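All values below were derived from every heavy atom in this structure, side-chain atoms included, with hydrogens, water molecules and symmetry-related copies excluded. These figures come from a predicted structure and were not determined experimentally.
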Amino acid sequence: MAKYPFTEIEKKWQRRWDEGKSYRVLEDPKFPKEKRRYVLDMFPYPSGAGLHAGHVENYTITDIYSRYLRMNGFNVLHPMGFDAFGLPAENYAIKTGTHPAVTTQANVDKFREQIKSMGFLYDWDRELSTTDVEYYKWTQWIFLQLYKAGLAYESDKPINWCPSCKTGLANEEVVDGECERCHTKVTRKKLRQWVLKITAYADRLLADIDKVDWPEPIKQMQRNWIGRSEGATVRFAVDGTGDLIEVFTTRPDTLFGATYMVLAPEHALVPKITSAAHRAAVDGYVEAAARKSDLERTDLAKDKSGVFTGAYALNPVNGKRIPIWISDYVLASYGTGAIMAVPAHDGRDWDFAKKFGLPIIQVVAPEGSVEAKLGSCPDEPPACTEADGVAINSGQFTGMPTGETKKAMTKWLEAQGLGKLAVNYKLRDWLFSRQRYWGEPMPLVHCEKCGVVPLPESELPLLLPEVKSYEPSGTGESPLANIPEWVNTKCPTCGGPARRETNTMPQWAGSCWYYLRYIDPRNPGSFVDRSKMDYWMPVDLYVGGAEHAVLHLLYARFWHKVLFDLGLVNSDEPFTRLVNQGQILGTDGQRMSKSRGNTVNPDDYIAECGADALRVFIMFMGPIEAEKPWSTAGLTGVVRFLERCWALGEKPVVEGAGDAALVKLLHKTVKKVSADSGTMNYNTAISQMMVYSAELARLESLPRSLYEPLVLMVAPYAPHLAEELWEKLGHKDGIAAASWPTYEEALCVDDEKEIVVQVNGKIRERFQTASGTPEAELEAKARAFPKVQEWIAGKEIAKVIVVKDKLVNIVVKG
RNA sequence: GCCGGCGUGGCGGAAUGGUAGACGCGGCGGACUCAAAAUCCGCUAUUCGCGAGGAUGUAGGGGUUCAAGUCCCCUCGCCGGCACCA
């Protein structure tokens with residue numbers, strides 16, 4: 001079979017698409033709302049390494065989908081851009097002195113070229129980079145809106161600090177106690193920070209997950225990350241001092257079993273309530289805890305530690321004096337930073353009580369147990385039980401099932417003014433500032449008189465200044481702090497001396513709203529034009545990796561909701577449907593990484609067998625969501641398929657209907673490929689086209705009516721080849737603008753069906769019969785076979801199941 | 001530990017509760033050729049049998065059903081996420 005000149009063809013069509021701007025998309029009102037689609041890719045960080053296999057997979061999925069939709073009469077917005085702020089360019093700058101903007105530009109150019117060489121049709125007139133001044137001007141503008149809405153605040157609580165990246169990290173960027181980016185152990189550092197109040201949106205971020213069509217695992221991850229838990233706050237008085245310690249508990253029903261309290265070492269009351277006798281021990285413990293990293297305080301500290309403060313609290317339900325301890329198993333950052341300990345019904349409290357010999361009182365017993373019947377249990381229980389049951393040893397609540405006790409106790413606490421219903425979230429506010437250079441400067445100044453003052457919007461963009469050294473100062477300030485002429489400014493409010501904020505924004509900032517800017521990328525007066533936004537938003541399909549489940553995808557939802565509340569966007573969720581493409585693994589089944597040496601360079605394959613083959617091959621590997629190990633074995637089959645299509649193009653094309661059986665196969669193929677392309681089941685669509693092309697290949701000459709639809713169906717998958725074949729067929733207009741073929745349902749039905757004859761579910765015979773043969777006739781035919789007779793001979797027929805066009809199952813007894 | 005997802009030939013993978021293994025790779029046999037490559041055709045789950053044919057088979061065990069890869073319960077394994085969040 002003829003090798004086809006893919007290099008020549010691919011270059012030719014890429015040039016034509018570029019010159020003809022066939023990628024261009026406009027807000028054409030002729031398309032009704034239901035004929036518009038916004039198909040979005042997670043834009044890449046333009047690294048020096050170039051496009052990797054994952055990018056190619058991601059963008060092939062959406063390119064096929066977009067092309068398919070266009071051929072079906074949709075107006076499709078399918079843009080591309082670059083998430084180009086971030087550390088690699090900055091670290092390279094530190095090493096070589098090259099300005100990050102220079103590195104970034106070079107990488108972006110390389111990426112764009114590689115993306116074009118894959119034949120991906122993006123609207124390049126809408127290309128953007130988060131580092132463009134005209135882009136980050138609006139990132140700063142949105143930040144100001146957040147600030148004005150009271151959603152940005154300064155904090156000097158200890159933060160996650162990466163000593164290698166020399167910057168603070170958000171909770172979401174700490175994975176197993178390590179920096180998500182460089183895997184250095186994260187330490188704690190006290191630093192003044194800007195924080196975004198994402199927790200104010202916790203309830204809505206949680207509730208609205210139900211509205212979107214996203215993969216269940218991602219939704220679950222977001223739910224877990226937000227971590228809503230319902231319970232009650234309860235106030236305990238400190239014996240003697242009158243101080244109140246508020247705790248959060250999800251088990252108010254176990255209040256009678258609270259035998260001690262534990263405060264986080266950082267809790268504000270610790271210094272105050274500690275008795276003189278215990279002060280030295282407490283101070284020592286607090287100091288040691290402060291030095292520990294979060295990792296040490298969790299993983300390494302499963303073995304409980306703690307010290308007694310010498311103070312006692314009064315259990316509000318029974319007035320019992322209970323000791324107050326401090327321990328680092330209680331987190332300062334969750335709830336109130338203090339807990340009531342119920343060792344009988346909480347594993348952690350149990351471990352702690354056992355270690356330090358604290359009393360344990362059982363207050364819940366399994367339903368129907370002896371203790372439940374008695375309503376009490378005088379002895380310490382043999383083990384901790386967290387399961388629900390019936391309240392015991394609990395005064396007026398004794399005998400109530402756990403669920404009811406929770407409600408009754410909360411109500412009682414409220415009535416007594418001792419506590420109330422409360423909801424807590426695991427989600428923490430978003431640490432938003434970075435002590436690095438290559439990011440958006442924060443448009444704020446610090447004035448001696450006026451405090452923090454936002455820059456007037458008219459002064460945006462606040463440009464990132466040139467610096468001599470990109471090295472972070474290490475003191476926790478960004479390199480910007482070393483430029484007095486930039487830092488020192490005037491207060492926009494009072495005109496007095498002021499200092500600019502020297503922190504920059506994290507890389508996630510730019511990606512929080514890029515999908516909006518694509519809609520109106522060059523607008524100088526607004527972040528996006530309202531009517532254009534109404535034309536496209538929300539995003540219909542968003543495709544990208546699952547690694548952003550709680551990072552970008554949560555942050556972007558948060559910003560979008562803020563913009564929605566400010567009346568600036570038309571939807572409360574940005575991404576209607578999300579699809580995660582499965583990772584492409586190395587040939588060894590491991591994740592691709594440079595250190596493993598199992599990476600794949602798409603350029604090599606484009607050179608060797610062409611972009612079309614690479615596109616089809618990656619889609620043929622398996623379902624798009626599945627993890628797939630890279631194996632070039634299958635590439636051969638795809639190349640053969642494309643070569644066969646090419647060879648078809650060399651055959652004479654004739655007019656006329658063609659063989660009836662082939663016509664049927666054509667209609668079945670159009671039906672299957674249409675359905676599978678629409679649902680992105682590309683692997684089975686390709687398989688069907690292979691079957692059909694193999695049948696056409698047997699012909700000496702090709703009826704146009706059988707051949708053209710194949711070329712059209714191939715177009716989204718192997719666009720260069722299809723364009724060339726289309727042109728050879730005599731068409732002047734490009735195939736990208738042609739209409740998708742149609743099929744007739746009536747022609748998809750076979751004349752004959754094979755019927756399976758089963759006896760007790762086991763296949764004993766098969767026969768051919770006309771489609772739609774009535775049930776009674778099928779049964780009669782089935783029973784007539786000698787072999788079937790043998791199997792049912794001398795047995796009682798209990799039942800016969802007949803499924804039209806499918807099978808006859810004779811159920812016999814004995 | 002908790003929460004998800006997955007488990008099908010030698011391999012990648014197909015299968016609205018109704019013929020398990022489509023399609024592709026690889027392998028075997030054949031055609032073409034002086035020969036080879038390329039291409040084309042046929043076969044290719046395991047097992048018993050010369051054969052006709054039979055038995056087994058979708059991680060393992062149980063269940064529902066005339067019928068289960070598919071639905072339900074339990075177990076095991078792999079992958080991902082979370083993990084002292086009270």
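- Residue A/Lys426 places no side-chain atom within donor-acceptor reach of the base of B/C82, judged by atom type and a 3.5 Å distance cut-off alone.
- Salt bridge status for A/Arg223 with A/Asp210: present, with a side-chain N to carboxylate O gap under 4.0 Å.
- Side-chain proximity of A/Trp225 to the nucleotides B/A83, B/C66, B/A86 is greatest for B/A83.
- With rounding to whole Å, A/Asn171 atom CG is found 11 Å from B/C82 atom P.
- The gap from the P atom of B/C43 to that of B/A22 amounts to 12 Å, rounded to the nearest Å.
- Using atom P as the reference point in both B/A68 and B/G80, the two lie 35 Å apart (nearest Å).
- Shown here are the side-chain hydrogen bond (donor to acceptor under 3.5 Å, both in side chains) partners of A/Glu700, two or more places apart in sequence or in another chain: there are none.
- Using a 4.0 Å heavy-atom distance criterion, A/Val330 is classed as a base contact.
- For A/Thr402 (side chain) and A/Gly389 (main-chain N/O), a donor-acceptor pair under 3.5 Å exists by modelled atom type.
- A/Asn224 places its CG atom 10 Å from the P atom of B/A83, with the value rounded to the nearest Å.
- Counting to the nearest Å, the P atom of B/C66 and the CZ atom of A/Arg764 are 19 Å from each other.
- The pair A/Glu57-A/Lys628 meets the salt-bridge criterion, since a charged nitrogen lies less than 4.0 angstrom from a carboxylate oxygen.
- Every residue two or more places apart in sequence or in another chain that forms a ring-ring contact (aromatic ring centres under 6.0 Å, His included) with A/Phe617 is listed here: A/Trp630.
- Looking at residues two or more places apart in sequence or on another chain, you find no ring-ring contact (aromatic ring centres under 6.0 Å, His included) involving A/Phe620.
- In this structure, A/Lys628 and A/Asp349 both approach RNA chain B, and ranking their closest nucleotides by distance from the 5' end singles out A/Lys628.
- Between A/Ala338 and A/Val811, the residue whose closest nucleotide on RNA chain B is further toward the 5' end is A/Val811.
- Across all strands shown, B/A59 forms a Watson-Crick or G-U wobble pair with B/U75, both key distances being under 3.5 Å.
- For the pair A/Asp351 CG and B/A86 P, the interatomic distance rounds to 16 Å; values are reported in whole Å.
- Residues A/Trp430 and A/Glu172 have side chains that never bring a donor and an acceptor to within less than 3.5 angstrom of each other.
- Using the six-membered ring where Trp is involved, A/His552 and A/His548 have ring planes that are perpendicular, over 60° apart on the 30 and 60° scheme.
- When distances are taken from the side chain of A/Phe248 to each of B/A86, B/C3, B/C79, the shortest belongs to B/A86.
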Base contacts versus sugar-phosphate-only contacts with protein, heavy atoms under 4.0 Å: please encode nucleotides 19-31 of chain B as B, S and - from 5' to 3'. BS-BBSSS-----

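- Of the listed nucleotides (B/G4, B/C82, B/A86), B/A86 has the atom at the smallest distance from the side chain of A/Ser229.
- Distance check on atom C1': B/C23 versus B/C71 gives 28 Å, rounded to whole Å.
- Remark: P of B/U39 and CD of A/Glu650 are 15 Å apart, rounded to the nearest angstrom.
- In this structure, A/Pro623 reaches the sugar-phosphate backbone alone: every heavy-atom distance under 4.0 Å involves primed, P, OP1 or OP2 atoms, never a base.
- We find that NZ of A/Lys762 is positioned 9 Å from P of B/A68, with the value rounded to whole Å.
- Nucleotide B/C2 is matched to B/G81 when pairs are restricted to Watson-Crick or G-U wobble geometry with both distances under 3.5 angstrom.
- B/G12 sits 33 Å from B/G63 when the C1' atoms are compared, rounded to a whole Å.
- The number of heavy-atom neighbours closer than 6.0 Å to NZ of A/Lys407, taken from other residues, nucleotides and ligands shown, is 12 or below.
- Distances were taken from every side-chain heavy atom of A/Trp791 (C-beta onward) to each of B/G12, B/G54, B/A86; the shortest belongs to B/G54.
- Atom CE in A/Met221 sits roughly 15 Å away from atom C1' in B/A83 (whole-Å rounding).
- Classification of B/G81 as anti follows from a glycosidic angle more than 90° from 0.
- Residue-level contact check: A/Thr249 touches the backbone only, with heavy atoms under 4.0 Å from sugar-phosphate atoms and none from bases.
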For a ring pair (Phe, Tyr, Trp, His ring centres under 6.0 Å) check, start with the C-alpha distance between A/Phe356 and A/Phe308, then their side-chain angles and the critical distance, and finish with the verdict. CA-CA 10 Å; A/Phe356 295 106; A/Phe308 179 43; over 10 Å; no

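- Residues of residues 769-777 of chain A having a heavy atom closer than 4.0 Å to RNA chain B: none are found.
- Residue A/Ser327 is out of contact with every strand shown, counting any heavy-atom pair closer than 4.0 Å.
- Atom C1' of nucleotide B/C84 and atom CH2 of A/Trp350 are separated by 17 Å, given to the nearest angstrom.
- Rounded to whole Å, the separation between the P atoms of B/C82 and B/U75 comes to 25 Å.
- Scored by the side-chain contact (heavy atoms from CB on, under 4.5 Å) test, A/Lys426 finds A/Tyr334 as partners (sequence neighbours excluded).
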